[in-house]
There are 2 protein chains.
Amino acid sequence: MTIQESATTSEGRPQRADARRNHERLLEAARELFEEGADTSMEAIAKRAGVGIGTLYRHFPKRIDVVEAVYRDDVEQVANVAERVVDELEPWEAIDVFLHAFVNYALGKRRFLNELREAFEKNPELKSASRERLDGAVGLVLQTAQRAGVVRDDLTSDEIYGLVGSMCMSALLTTEQCDRLIGLILDGLRVR
Amino acid sequence: MTIQESATTSEGRPQRADARRNHERLLEAARELFEEGADTSMEAIAKRAGVGIGTLYRHFPKRIDVVEAVYRDDVEQVANVAERVVDELEPWEAIDVFLHAFVNYALGKRRFLNELREAFEKNPELKSASRERLDGAVGLVLQTAQRAGVVRDDLTSDEIYGLVGSMCMSALLTTEQCDRLIGLILDGLRVR
DNA sequence: TGCTAAGTGGAGGGAACCTCCGTATAATAG
DNA sequence: CTATTATACGGAGGTTCCCTCCACTTAGCA
């Protein structure tokens with residue numbers, strides 16, 4: 001549980017701007033450090049964010065709260081990409097951009113998967129709610145593309161999951177390898 | 001890597017009896033504490049084994065070496081049970097006893113799964129060799145029972161894995177629940 | 001501008017991992 | 001049976017990291 005989850009304080013005041021800014025910086029610092037792959041200390045996150053360790057603990061009372069918040073944020077970003085690309089892009093372009101974002105999410109997730117599993121055990125709702133949110137995102141983009149006639153009708157969200165999951169099982173992929181594999185997946189999705 | 005892996009010292013002397021005894025006690029203490037489910041410190045393992053922390057570190061240079069050694073030992077015990085039951089018991093009784101041992105192994109594994117995953121990442125051969133060893137054990141008992149005509153011919157080792165894996169996904173099972181589920185599995189295996 | 005509740009930050013406590021080295025002893029040769 | 005010696009033991013203490021406490025700072029409002 002973090003203080004960000006209430007946009008107002010206990011007196012009904014909106015949260016301070018500097019507090020919101022620090023919260024965002026902490027999340028971004030944590031994400032970057034988790035993705036760098038070395039063991040990430042709380043001290044390192046606070047330093048990277050440019051705040052004190054006490055500030056970090058004010059926003060995230062335990063280490064596992066950081067892990068959970070980063071993950072929630074990542075899921076939310078994927079969902080936001082889904083909504084944005086459906087609004088703003090041609091359907092084929094939408095699924096292309098979305099797939100890249102989804103793969104980035106999945107690769108990022110792998111970097112702190114052990115700790116994330118501990119977060120799921122502690123808070124099973126996190127796992128189920130996130131999966132539901134992602135299902136909605138994948139479904140939205142896929143079905144929009146199918147209605148537009150640019151993606152085969154017989155594909156399901158689970159199959160998209162399966163394809164992305166398979167490619168993310170590989171050892172660390174280079175950007176080029178990612179792009180190539182996504183291209184292959186997209187070729188498979190395309191209406192012939 | 002632990003000192004137990006050579007039955008002699010560098011001078012060719014057999015390993016000391018007290019050292020072998022301490023090694024076994026440390027493994028047993030670690031297994032018991034992992035199964036009790038609370039976070040297990042190295043200090044607690046050494047205390048439970050009745051040795052000093054320096055002795056523990058002489059046998060297991062890092063914490064992850066304890067995890068790996070307990071797991072290797074568990075796998076070896078399952079394999080030994082397979083060989084013993086095939087030798088000493090009637091085929092139906094053999095698969096019954098083996099299945100109990102296999103389920104106990106799988107439940108025990110869950111208790112330190114996060115740390116075990118880290119061991120697998122560090123040493124992928126551990127995972128593949130253990131899986132191979134277990135495959136051999138399951139295959140031995142299953143095929144012996146099939147040849148004896150007491151278990152259906154159409155079952156594979158993978159299906160045994162699947163059944164045991166499913167039941168071990170449950171939240172903590174009581175001994176009664178385990179026995180009941182194993183009974184159900186055995187009913188499914190039985191030649192009709 | 002003053003007030004105050006929210007926010008900050010870093011020193012320090014405590015837990016756990018791991019090392020170092022003085023001491024103990026198992027096993028062997030004579 | 002005794003002396004030797006290489007192996008083994010064990011616990012104090014160093015280090016790292018998680019987390020707390022509380023004095024100090026400041027954003028936002030009246």
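We use all heavy atoms of the structure for the numbers below, so side chains are in, but hydrogens, waters and symmetry mates are not. Every chain is numbered from 1, with letters handed out A, B, ... down the list of sequences.
The CZ-C1' distance, from A/Arg20 to C/dA6, rounds to 13 Å in whole Å. C/dA6 atom P lies 17 Å from atom NE2 of A/His23, rounded to whole Å. Look at CD on B/Gln15: it is 18 Å from P on C/dT25, rounded to the nearest Å. Between A/His59 atom NE2 and C/dG7 atom P there is a gap of 7 Å when expressed in whole angstrom units. One interatomic measurement links the two molecules: CG of B/Leu56 to P of D/dA12, which rounds to 16 Å at whole-angstrom precision. Distance A/Lys47 NZ to C/dG9 P: 12 Å, rounded to the nearest Å. Straight-line distance from the CG atom of A/Asp65 to the C1' atom of D/dC19: 12 Å, rounded to whole Å.
Relative ring orientation between A/Tyr161 and A/Phe102 is described as perpendicular, the plane-to-plane angle rising above 60° on a 0-90° scale split at 30° and 60°.
We find that A/Asp65 and A/Lys122 are joined by a salt bridge, their nearest charged nitrogen and carboxylate oxygen being less than 4.0 Å apart. Looking at B/Glu36 and B/Arg48, a side-chain N of the basic residue comes within less than 4.0 Å of a carboxylate O on the acidic one, giving a salt bridge.
Judged purely by distance below 3.5 Å, without hydrogens or angles, the side chains of B/His100 and B/Asn104 never pair a donor atom with an acceptor atom.
Proximity of A/Thr55 to the phosphate of C/dG7: no side-chain N or O atom is located under 4.0 Å from OP1 or OP2. For C/dG7, neither phosphate oxygen OP1 nor OP2 lies less than 4.0 angstrom from any side-chain nitrogen or oxygen of A/Asn22.
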**Message:** Output one letter per nucleotide in nucleotides 14-19 of chain C: B when a protein non-hydrogen atom lies under 4.0 Å from the base, S when only the sugar-phosphate is that close, - when neither is.
**Reply:** ---SBB

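Across all strands, A/Ala46 comes closer than 4.0 Å to no nucleic acid atom at all (heavy-atom distances).
When atom types are taken as modelled, the side chain of B/Gln177 and the backbone of B/Thr174 share a donor-acceptor pair closer than 3.5 angstrom.
The number of heavy atoms from other shown groups lying within 6.0 Å of CD (B/Glu32) is above 12.
For C/dA6, the base has a donor-acceptor partner in the side chain of A/Arg16 [N/O atoms by modelled type, under 3.5 angstrom]. The base of C/dT8 has none of its N or O atoms less than 3.5 Å from a complementary donor or acceptor on the side chain of A/Arg58.
Residues B/Tyr71 and B/Phe34 keep their aromatic ring centres 6.0 Å or farther apart.
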